[in-house]
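In what follows, a single structure is set out as C-alpha cells and then discussed.
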Amino acid sequence: MIGISSTGFCSYEIDDIITEISKYFDFWEIFAEAKHHLRVIESKLPALATSFNLKYSLHAPISDINIASFNERIREDSVLEILSTIESAIQLNIDKITIHPGILSISVPCMREKSIAQAKKSLRSIDRISQQYGATVAVENMSSFPFFLGQTSEEIIDLLDGTNLAFCLDIGHANTTNQTESLITDLKDRLVNIHIHDNNGEKDEHLTLGDGNINFKKILSKLKFYEENYIIESKSILSGVKSRDYLKTIL
C-alpha cells in the first residue's frame with residue numbers, strides 16, 4: 001500500500017489535514033510532532049478514524065529527542081518519550097512505529113563509539129518494552145548529515161544486534177550515503193517499512209519522485225520480496241500525489 005507522511009502536516013489541526021489526506025490516500029504515517037503529538041490528538045483520532053477509511057502507522061517524535069545522548073538524563077527522557085509514544089500508539093490501534101537511532105555530540109569530536117553504545121543501551125530498553133506492548137518498532141537509516149548515527153548498513157546492523165527491532169529503509173536517505181543496495185541486501189529480513197522520496201544524492205531534499213537522480217525502477221526491482229507499505233515523505237499533499245502517481249507506474 002502507498003501512504004503519505006510529512007512534517008509539514010504537523011502545523012495543521014488533525015481534523016483539517018486528515019480530510020485532505022483521505023481524498024488521495026488510504027494510508028497515513030502520522031508524524032507525532034507539534035499539533036500531531038499523540039498527547040494532543042489521542043482524544044480526537046478515534047472519533048475521526050470512524051469517519052475516514054484510513055490505515056495508520058507512526059513516526060515517533062525527533063525534536064529534542066536523542067537516544068544516543070551522553071547526558072544520561074537526556075537519554076533516559078528520550079527513551080521515556082518514545083516508550084510513551086508506543087503506549088499511546090497501541091491504545092490507538094497503531095502497532096508500527098518508526099524511530100531514529102540518535103545523533104552524535106555536536107560539540108565533542110571522535111565520540112562515535114560512545115554514542116553508539118548509548119544508542120544500543122536505549123534500543124535494548126525500547127525493544128524490551130515494545131515487545132510487551134506488541135508493537136513493531138523500526139529503526140530508520142539516516143542521511144549523510146555528519147552528526148547522524150545509522151548511515152550505513154554496518155552501523156544499523158550493529159545498533160540492532162541483540163534485539164528484535166525491525167528496520168525502516170529510507171530510500172532518500174540511502175541515496176545520500178550510497179548505501180541503498182547494502183541496506184536492502186543486509187537488512188531485508190528486518191525490513192517492515194519503507195520511506196520514499198527523491199534527492200540529487202548530496203543532501204536530504206525530500207523532492208517529488210522523479211525530480212532527483214534516484215533510479216527508483218532499479219531499486220524497486222531489488223525489493224520484489226517486500227510486501228508492506230511505501231510511505232511517501234513529501235513536503236505537501238500535491239507533491240505526495242505526484243509521487244504516488246509516479247510510484248504506481250513502476251510498482
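Computed from heavy atoms alone, side chains included, the values below leave out hydrogens, waters and symmetry copies. In this chain, residues are counted from 1 in sequence order.
Residues satisfying the side chain to side chain contact (heavy atoms under 4.5 Å, CB included) criterion with Q131, sequence neighbours excluded, are D127, N164. In this view, K218 and E181, N215, K222 satisfy the side chain to side chain contact (heavy atoms under 4.5 Å, CB included) rule, not counting sequence neighbours. Taking K121 as the reference, E72 meet the salt bridge (charged side-chain N to carboxylate O under 4.0 Å, His left out) condition, with sequence neighbours excluded. Scored by the side chain to side chain donor-acceptor pair (under 3.5 Å) test, K242 finds no partners at all (sequence neighbours excluded). In this view, Y12 and I17 satisfy the side chain to side chain contact (heavy atoms under 4.5 Å, CB included) rule, not counting sequence neighbours. With sequence neighbours left out, the salt bridge (charged side-chain N to carboxylate O under 4.0 Å, His left out) criterion links R128 to no other residue. Partners of D16 under the salt bridge (charged side-chain N to carboxylate O under 4.0 Å, His left out) rule, at least two apart in sequence or in another chain, do not exist in this structure. Residues satisfying the salt bridge (charged side-chain N to carboxylate O under 4.0 Å, His left out) criterion with E228, sequence neighbours excluded, are K96. Every side chain to side chain contact (heavy atoms under 4.5 Å, CB included) that L80 has, sequence neighbours left out, goes to D77.
Smallest separation of non-hydrogen atoms from A166 and T136: CB-CG2, 4.1 Å.
Clustering of Ile, Leu, Val, Met, Phe, Trp and Tyr by side-chain heavy atoms under 4.5 Å joins M1 with F27, I231. Members clustered with F31: I62, by chain and number, using a 4.5 Å side-chain heavy-atom cutoff among hydrophobic residues. The hydrophobic cluster of V192 has no other members, since no ILVMFWY side-chain heavy atom comes under 4.5 Å of it.
For the atom pair NZ (K248) and CG (L209), the distance works out to 13.0 Å, reported to the nearest 0.5 Å.
Listed for the E33 side chain is a donor-acceptor partner under 3.5 Å among the backbone atoms of S63. For R112 (side chain) and L104 (main-chain N/O), no donor-acceptor pair under 3.5 Å exists by modelled atom type.
Applying the side-chain hydrogen bond (donor to acceptor under 3.5 Å, both in side chains) test between N193 and each of E140, E29, H59 identifies E29 as the sole match. Tested against H173, the residues D204, N141, N199 include a single side-chain hydrogen bond (donor to acceptor under 3.5 Å, both in side chains) partner, D204.
Taken together through direct or relayed side-chain contacts under 4.5 Å among Ile, Leu, Val, Met, Phe, Trp and Tyr, L54 and Y24 form part of one hydrophobic cluster.
With a 4.5 Å cut-off on side-chain heavy atoms, T85 and P61 count as touching.
Surrounding CD of E154 are at most 12 heavy atoms belonging to other residues, nucleotides or ligands under 6.0 Å away.
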